[in-house]
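Data block below; observations after.
Note that the coordinates shown come from a computational prediction; the quantities given were computed from them, not determined experimentally. Below, all heavy atoms of this structure are taken into account, side chains as well, without hydrogens, waters or symmetry copies. Chain naming here is simple, since letters A, B, ... match the order of the sequence lines and numbering starts at 1 in each.
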There are 2 protein chains.
Amino acid sequence: MSRRDELAEGATDYALEHGLIGLSLRPLAAALDTSDRMLNYHFGSKDALIAAVLAVSNERSLVTIRALPVSASIRQGVLDLWDAFTEPQVARCQRMYVEAASLGLFGREPYAASVRQSNESWLAALATHLERSGASKARAPRLATLVDATFNGLMLDRPLDGDTAGRRVVVDLADALS
Amino acid sequence: MSRRDELAEGATDYALEHGLIGLSLRPLAAALDTSDRMLNYHFGSKDALIAAVLAVSNERSLVTIRALPVSASIRQGVLDLWDAFTEPQVARCQRMYVEAASLGLFGREPYAASVRQSNESWLAALATHLERSGASKARAPRLATLVDATFNGLMLDRPLDGDTAGRRVVVDLADALS
DNA sequence: TGGGTTATGTAGCAAGTGCTACAGAGAGCC
DNA sequence: GGCTCTCTGTAGCACTTGCTACATAACCCA
């Protein structure tokens, strides 16, 4: 693994823990036992670093979703997706996605572009899972968009740790969609 | 209206247009034809200013929702809420709410507290509308939570201007809930 | 042993941050 | 007139930001 990739992985871990909004190079560099000088050397700019971090985080999320076994029904598929979504490893990636999406709300780069790209592959992964769980090829993408929006909205409003309220909402949604 | 209230209204307009993340006192003060010195005098700190801005914005959103005429059914109630939600005046307030929620994701104040408070009254308003549109007293709050999460998630992922895709998702949701 | 590419450390710049010390203006009251 | 109280302008502090100029070290290949 190249030094750049090592730093990208480390920076991703750091951003997942400390947040993306207000992330600054010097504390990040200190945590990675290097210097802001080195981060700029390997990535060229803070924006490029951020883009790399978001790509790494998105890839980590996708791996989990793609590895999900087929669910027995659409209803169960939605619930299984929620369980995957709230699994701490994935949840932190999604939390960072939410931060990136907020930063991109006014079109600010590199956030807006990264978010568009992440969202595309993420929706595709959700749709694939729902399709393999019984949704028609036509319905799966629309279901995926709905499910994704609801999940992200829950992430936004509810504190992420041990929220049973969130799951109740998802059960309501899954029931309604059956 | 006191000078402080005038400034709070003006600051809210400015924040709605330019975003909450990265808002800084000097450009804001310049736009309001005053100085950072004055903002700090009237509000005491930037955090207090932000809290005031979020309160004003939340109140503006609530006024619109509360003024909504009763809908003919739950399904129609959800659609009417979406139309209210995407009406530019309200949509910008909700966009700022999303920013505040992101800033509060890691517990950072004053965002986390403001978001909790805003969300509470907002959910209550949604539930009231859904109840008046035919939902049972028991079901209305849970419906409201689901609808709110979906709306906010859509705000997050889709560019807010002229998104017909967002409405299609809401129609799916409304259909499923009937 | 050279030479060139890659990687790293030191120091610093210009700009922007929230906030404050200090003095002054203006109004109302005795 | 004097007095206080509310409000405002000037200037600046201490700090952080992303980024860079410059010199140095480490390495591989000829």
Measure distances between side-chain N and O atoms of B:Arg26 and base N and O atoms of C:dG18, and say whether any donor-acceptor pair falls under 3.5 Å.
yes
What's touching nucleotides 20-26 of chain D from the protein side, N or O pairs under 3.5 Å?
unit_1	atom_1	unit_2	atom_2	d
D:dA21	N6	A:Arg37	NE	3.3

Please check the phosphate of C:dT17 (OP1 and OP2 only) for any side-chain N or O of B:Ser24 closer than 4.0 Å.
yes
Under a 3.5 Å distance rule, please check whether A:Glu99 uses its side chain to pair with a backbone N or O of B:Ser102 as donor and acceptor.
no
Can you measure A:Arg3 atom CZ to C:dG9 atom C1' for me and round it to whole angstrom units?
14 Å
A:Ser45 vs B:Asp33, nearer the 5' end of DNA chain D by closest nucleotide:
B:Asp33
Spacing of B:Glu6 atom CD relative to D:dT6 atom P, expressed in whole Å
18 Å
Give every residue pair that meets the ring pair (Phe, Tyr, Trp, His ring centres under 6.0 Å) criterion with at least one member in residues 11-64 of chain A, sequence neighbours excluded.
A:Tyr14-A:His18
Does anything in residues 49-58 of chain A reach DNA chain C, meaning a heavy atom under 4.0 Å, and if so which residues?
none
Using modelled atom types and a 3.5 Å cut-off, is there a donor and acceptor pairing between side-chain atoms of B:Arg75 and backbone atoms of B:Leu177?
no
Side chains of B:Tyr97 and B:Asn119 only: does a donor on one sit below 3.5 Å from an acceptor on the other?
yes
For the helix from C:dT1-D:dA30 to C:dC30-D:dG1, what is the angle between the axes at its two ends, each from 5 pairs, rounded to 10°?
10°
Could you give the distance from CG (A:Leu126) to CG (A:Leu81), rounded to the nearest 0.5 Å?
5.5 Å
Between P on C:dC19 and CG on B:Leu28, what's the gap in Å once rounded to a whole number?
13 Å
Rounded to whole Å, how long is the line connecting atom CZ of B:Phe43 with atom P of D:dC7?
12 Å
D:dT6 C1' sits how many Å from B:Met38 CE, rounded?
11 Å
Interatomic distance, A:Leu7 CG vs C:dA7 P [rounded to whole Å]
11 Å
Rounded to the nearest 0.5 Å, what separates atom CZ in A:Phe151 from atom CG in A:Leu156?
15.0 Å
Taking the side chain as C-beta and beyond, is there a heavy-atom pair between A:Glu6 and A:Arg3 under 4.5 Å?
yes
Pair listing, side-chain hydrogen bond (donor to acceptor under 3.5 Å, both in side chains) test, anchored in residues 54-66 of chain B, at least two apart
B:Glu9-B:Arg60, B:Asp13-B:Arg60, B:Asn58-B:Ser121, B:Ser61-B:Gln94
Just the rounded figure in Å: distance from P of D:dC5 to OH of B:Tyr41.
12 Å
For the pair A:Ser133 (side chain) and A:Ser71 (backbone), establish whether a donor and an acceptor sit closer than 3.5 Å, ignoring hydrogens and angles.
yes
Check: residues 22-33 of chain A side-chain donor-acceptor pairs under 3.5 Å, at least two apart:
none

For a quick test of reading the model, state the closest non-hydrogen atom pair linking A:Ala52 to A:Arg4 and the distance between them.
CB-NH2, 4.2 Å
Atom-pair distance (CG on A:Leu39; P on C:dG9), nearest Å
11 Å
Look at the side-chain N and O atoms of A:His42 and state whether any lies under 4.0 Å from the OP1 or OP2 oxygen of C:dT6.
no
Backbone of B:Ala91 reached by a side-chain donor or acceptor of B:Glu87 within 3.5 Å:
no
